[in-house]
Amino acid sequence: MSSVRVRFAPSPTGFFHIGSARTALFNWLYARHTGGTFVLRIEDTDKERNSEAFLNVIYDSLTWLGLNWDEGPKVGGSFGPYRQSERTDIYKVYLKKLLDGGRAYEKDGAIWFKLDGERYEVFDEHRKKTVTKVRRAPTVIEDRIRGHVERLEDEDFVIFRSDGNPVFHFVNVVDDISMAITHVIRGEDHLSNASKHVELFKAFGTSVPEFAHIPLILKQNGPGKMSKRDQGALIEEYQRRGFLPEALVNFLSLLGWNPGDDREKMPVAEIVRLFDLPGVNQSNARFDEKKLAHMNMAYLLELPAEQFVAKAREFFERQNVATALAADTGYFADVMRLAQPKVKAIDELPGYTGYFFTEDFPIDEKVKAKVLGKGDPKARLREVAEALPGWDLANDTAIEEAIKALAAKGGFGFGDYQAIVRLALSGTNVGPSITGMMRVMGRERVQARIGRFLATA
RNA sequence: GCCCUCAUCGUCUAUCGGUUAGGACAGGAGAUUCUCAAUCUUCAAAGCGGGGUUCGAUUCCCCGUGGGGGCGCCA
């Protein structure tokens, strides 16, 4: 085990979104790559906005994505507790250090961090008020991704609110010190805060951790970074829609990082092996749901059939679309196996396979008009209905051969039967092969559907 | 307004001074197939602008411009 200790420090103030997931992922990847420790810390100092429900969303989402934490809530560790709301004693100790060292003072009921340097007053045009500034040199941030960054931190800032609760900058730094965090990997939106943090680290007399400010994920359309309200922003949504977590992880890893060559689809173990800070980009990346969908499809295609069926079963049950017919697990599995190579996502399944599970499926009138408008398809269908009792429906090739033989007799081709049989069995013109459909539906159901179609259409 | 940061096809990106600027998604065309997908082939598509440095800049520097972030007793 290396000495690397990274942390993911979300606050449970809303649903877990894709930017947070990516930050968690990069931290996790770095920990796993270096053989270090991945710490989960809950930053719940804002009592007004925190909720227990959102806390569970964080645990669920991380678990679903496979980002297991070595220390943190639920698993414990020797640097706990891991929820900031339970660390108030630690914060008091650290505050006392600052107070005793003359690096903090009280004003307006709050406690402020005192920067070193000479003070002077100036009118701030933007904020329309007089502020006290400190004459001092810019703070230097050595960032593993950004390089050398300088920023002038010239105003004291609040570290304890007047209600007695510590603020983010303070607890963040204190916890990083007390949890022995070595690498701070977080979004670039914190780069401007980093100067405050560096000053705090210096005031505590501790070494500053390595910083790595990763690029942000921008919303797909329009300006700005991805926020909770944007389309596709919530991890929970992908979970609900039956996306494969490994596909999402693979996609997310490529947003702001690359292995240095053309490889894109990689098992997570390979990403862990290749991931490193120098491979992280500096520029923001725009979220692309089409590419995610493609990645998901690629993973879905190679998923072992049993797993695909299980995923489908879970989705059908959760969406409450299971019918009496779908309750037949053997039949359900056969249908799903037929659909696996054809769909791009699990949530397409109910729509794509609906007609398998009910006799009351709709007939697409446009398709019907088109199919019936060419030649005499109903005659072909009648031939199938008559020949069907003698066919072997055990496998697709046998069915295909039977249809071809039937076609040859009348001087037709397979194609003259395909569309009309499909229409009679499914009511539409898209779907799995008709041979597969016939095999899975079975003789009785096929016979009944063709008969009904012939009688009514 | 001030501060920080970034800049290659529509999008994600490769290139660490010398390449016909490569790949992937999306888009077009074709092949294949029982439909639709998938798959295969193929086409179109990029170095923000201006100055430098250099024999040579997408690559290094500066200035613009544009994007992003920050400027709370939120995190």
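By convention in this document, chain letters (A, B, ...) are assigned in the order of the sequence lines, proteins followed by strands, and residues within each chain are numbered from 1.
Nearest nucleotide to the side chain of A:Leu216, out of B:G69, B:C12, B:A38: B:G69. Relative to the side chain of A:His294, the nucleotides B:A26, B:U35, B:G69 differ in distance, and B:A26 lies closest. Considering only side-chain atoms of A:Ser11, the nucleotide from B:C34, B:A75, B:C36 that sits closest is B:A75. In this structure, the nucleotide among B:C6, B:G23, B:U13 sitting nearest to the side chain of A:Arg146 is B:C6. Here B:G70 is the nucleotide among B:G70, B:G22, B:C34 with the atom lying nearest to any side-chain atom of A:Ser192. Among the nucleotides B:C73, B:A75, B:A38, the one closest to the side chain of A:Asp108 is B:C73. Across B:A37, B:A7, B:G23, the shortest atom-to-atom separation from the side chain of A:Lys344 is found for B:A37. Nearest nucleotide to the side chain of A:Ser162, out of B:G22, B:C73, B:C12: B:C73. Distance from the side chain of A:Asp262 is smallest to B:G22 among B:A7, B:G69, B:G22.
If you check every strand for non-hydrogen atoms under 4.0 Å, A:Asn258 touches sugar and phosphate atoms only. Heavy atoms of A:Glu150 sit under 4.0 angstrom from primed sugar atoms or phosphate atoms, though from no base atom. Note on A:Gly109: nothing from the nucleic acid sits closer than 4.0 angstrom, heavy atoms only.
Taking atom P on both nucleotides, B:C16 is separated from B:A75 by 45 Å, rounded to a whole Å. The separation of B:U33 from B:C25, taken at their C1' atoms, amounts to 25 Å, rounded to a whole angstrom.
A:Val140 pairs by the side-chain contact (heavy atoms from CB on, under 4.5 Å) definition with A:Glu142, A:His148, A:Glu150, not counting sequence neighbours.
For the pair A:Lys196 and A:Glu199, the salt-bridge criterion is not met [side-chain N within less than 4.0 Å of a carboxylate O].
A heavy atom closer than 4.0 Å to some atom of RNA chain B occurs in A:Gln418, A:Arg422, these being the qualifying members of residues 417-425 of chain A. For the segment residues 244-256 of chain A, the set of residues with a heavy atom within less than 4.0 Å of an atom of RNA chain B comprises A:Leu254, A:Leu255, A:Gly256, in numerical order.
Look at A:Arg161 and you'll find a side-chain N or O under 4.0 angstrom from OP1 or OP2 of B:A75.
With respect to A:Asp175, the salt bridge (Lys or Arg N to Asp or Glu O under 4.0 Å) criterion is satisfied by exactly one of A:Arg5, A:Arg7, A:Arg87: A:Arg87.
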